[in-house]
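Data block below; observations after.
A, B, ... follow the sequence lines: proteins, then strands. Residue 1 opens every chain. Here the structure is a predicted model, which means the values were calculated and not measured.
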Number of protein chains: 2
Amino acid sequence: MPKVGMEPLRRRALIDATISAIGERGSLDVTMSEIAGRAGVSSALAHHYFGAKEDLLAATMRHLLSELLTDTTAALRVAETPRARVSAVISVNFSDKQFRAATIAAWLAFYVEAQKSPGLRRLLRIYAHRLHSNLMSGLARLLPRADAEHVAEATAAMIDGLYIRRALRDGIPNAASAIALVEDYLETKLSQAARAR
Amino acid sequence: MPKVGMEPLRRRALIDATISAIGERGSLDVTMSEIAGRAGVSSALAHHYFGAKEDLLAATMRHLLSELLTDTTAALRVAETPRARVSAVISVNFSDKQFRAATIAAWLAFYVEAQKSPGLRRLLRIYAHRLHSNLMSGLARLLPRADAEHVAEATAAMIDGLYIRRALRDGIPNAASAIALVEDYLETKLSQAARAR
DNA sequence: TTTTATTGATTGATGCGTCAATAAAAAATA
DNA sequence: TATTTTTTATTGACGCATCAATCAATAAAA
């Protein structure tokens, strides 16, 4: 059976299995055997490629993060105006790929785990910082600096909050209404600023 | 040593110990021994009073929830106007007692745990519902029904989001600025509505 | 023959939940 | 009031299950 060049395929399969396992269990205490089983390999192989369980979890987190960043930069590339840049960032966060039960459960679980693990916390800080600066890349051209910072904070908080409510499967059932909520806030703040000018 | 009437004292001490243990560890996987140790008793006693670990966690969650509800009703009682009612609900959520690292870590951990445990999920649904209707108790008198619902959703999401960001100890360092963010949103929406009228 | 892929079996640790044992208070009985 | 009995409080020790991590063994490529 052993065919060479399996490593990248197995790594990817194990990471995918980790996300779906976390999504189904709803928490990070999934076993290595559970994950490995989903990926169709033995738990020993998972250890072979990733070392400790925490390393696999960190790799999964990094994967989630880099997917989000990739999608975001792609969306930003085609955004023509500052206003469109802000909407692009928002829509990526609520895209089908991101705003899915398994993905959200994984994010939530990682937030909790980050309390313990400094490595994970660093990764989440990076995420928060990127989200902020991506939002600012549009807002800074629409509002005075201080207001832009303020609106970026509030928008980021709203996005995180909507993720949580989605995890609870209560209120805000779909991505469209979540986007509408955030966009409405933005529109309100922008028109308020325009009036003041 | 055995003195009669220990039960309520022990129960309370164990629940407090659970919160602080979760706060320090940052997650729900604290051991019964750890909790019992903090409460100054053996793990066997914790089992004696609460049964399974999950029961202790559920009791802790219920305690957190009922404290929040008690504080909220107290704050609502002294609120004179509809506008004051909304502010009252917000300020309770960011009060010293609620917006504390240990409490927030516990809430976050419970959100994750709720994915697995239907009992906990029910409790969190109750919390979300109460928060919503408490906000509505003021908003319904300030805005048309549909707008009020919308603003209540957004406010609730913002509150949850700010909790998460607090848990990460990143951005929004203190309660005051968190309140300012939410109040600013509210004020903006209310004045927008007033102008439209 | 060396490297890469893979696993079953095993080990060691951890932690929940139980149980029998101890002791002090309260209640019942003499 | 003195005693026995029952109830309440409490724990150390232990069984049992789970799981992460290791390792020796197998087999196909290079």
Side-chain angles (χ1 to χ4, degrees), chain A residues 1-22 24-61 106 109-110 112-113 115-117 119-120, chain B residues 1-61 109-110 112-113 115-117 119-120:
Chain A
M1 270 175 225
K3 202 184 270 182
V4 94
M6 283 288 101
E7 177 154 1
L9 301 181
R10 295 305 192 197
R11 289 191 103 97
R12 181 57 201 265
L14 283 163
I15 286 176
D16 287 346
T18 304
I19 295 172
S20 78
I22 291 174
E24 217 160 277
R25 266 277 186 295
S27 91
L28 281 198
D29 61 11
V30 284
T31 69
M32 286 298 269
S33 310
E34 163 78 12
I35 294 171
R38 278 168 187 266
V41 297
S42 73
S43 70
L45 194 68
H47 277 108
H48 173 65
Y49 283 128
F50 284 97
K53 184 184 178 182
E54 209 192 312
D55 298 325
L56 171 55
L57 295 180
T60 303
M61 175 86 255
F110 280 123
V112 170
E113 190 71 8
Q115 308 283 318
K116 286 190 271 194
S117 158
L120 282 185
Chain B
M1 269 175 223
K3 204 184 263 180
V4 94
M6 282 288 100
E7 177 155 0
L9 301 180
R10 294 305 193 198
R11 289 190 102 96
R12 181 58 201 263
L14 282 164
I15 286 175
D16 287 346
T18 304
I19 295 171
S20 77
I22 291 174
E24 218 161 278
R25 267 278 187 295
S27 91
L28 281 198
D29 62 12
V30 285
T31 69
M32 286 298 269
S33 311
E34 163 79 13
I35 294 171
R38 276 167 188 267
V41 297
S42 73
S43 70
L45 195 68
H47 277 109
H48 173 65
Y49 283 128
F50 284 97
K53 185 185 179 182
E54 209 193 311
D55 298 325
L56 172 56
L57 295 180
T60 303
M61 175 85 256
F110 280 122
V112 170
E113 191 70 7
Q115 307 284 318
K116 286 190 271 194
S117 158
L120 282 184

If you check the [X] side chain, which of [options] turns out closest?
X	options	answer
A:V41	C:dT7, D:dA9, C:dG15	C:dT7
A:V4	C:dC16, C:dA25, C:dT4	C:dT4
A:M6	D:dC19, C:dA5, C:dC16	C:dA5
A:A44	C:dA25, D:dG12, C:dT7	C:dT7
B:H47	D:dA9, C:dT18, D:dA20	C:dT18
A:L45	D:dT11, C:dT7, C:dA26	C:dT7

Original post:
Taking it one step at a time, do A:L56 and A:T18 satisfy side chain to side chain contact (heavy atoms under 4.5 Å, CB included)?
Top reply: CA-CA 8 Å; A:L56 171 55; A:T18 304; 3.7 Å; yes
Without decimals, in angstroms, what is the distance between [X] [atom1] and [N] [atom2]?
X	N	atom1	atom2	answer
B:H48	D:dA9	NE2	P	6 Å
B:D29	D:dC19	CG	P	13 Å
B:K53	C:dT18	NZ	P	15 Å
A:L28	D:dC19	CG	P	14 Å
A:D55	D:dT22	CG	C1'	15 Å
B:L57	C:dC16	CG	C1'	12 Å
A:I35	D:dA21	CD1	P	11 Å
A:M32	D:dT22	CE	P	10 Å

Subject >> Short side-chain N/O contact to D:dT8 OP1/OP2 from B:Y49, under 4.0 Å >> reply: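 Result: no.
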**OP:** Verify the contact: side-chain N or O of A:R10 to OP1 or OP2 of C:dT4, cut-off strictly under 4.0 Å; return yes or no.
**Re:**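 No, A:R10 has no side-chain N/O under 4.0 Å of OP1/OP2 on C:dT4.
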Original post:
Ignoring hydrogens and geometry, is there a side-chain-to-backbone donor-acceptor pair from B:D16 to B:A13 under 3.5 Å?
Top reply: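 Looks like no, no N/O pair under 3.5 Å.
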**OP:** Look at the side chain of B:K53 and the backbone N and O of B:T31, then say whether any donor-acceptor pair between them is shorter than 3.5 Å.
**Re:**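 Side chain of B:K53 to backbone of B:T31, a donor-acceptor pair under 3.5 Å: no, none is there.
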**OP:** Quick one: pull up CG in B:L28 and CG in A:L28 and give me the separation to the nearest 0.5 Å.
**Re:**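 CG of A:L28 is found 11.5 Å from CG of B:L28.
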Subject >> For C:dT4, the Watson-Crick or wobble partner whose two distances fall under 3.5 Å >> reply: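 Across all strands, the one nucleotide that pairs with C:dT4 is D:dA27.
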**OP:** Looking at every strand, decide which applies to B:S42 at a 4.0 Å heavy-atom threshold: base, sugar-phosphate, or nothing.
**Re:**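 Here B:S42 touches the bases of the nucleic acid.
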**OP:** Between B:S43 and A:S43, just flag the one whose closest nucleotide in DNA chain C comes earlier from the 5' side.
**Re:**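 The 5'-side residue here is A:S43.
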**OP:** May I ask you to say whether A:E54 pairs ionically with A:K116, meaning some side-chain N is under 4.0 Å from a carboxylate O?
**Re:**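 No.
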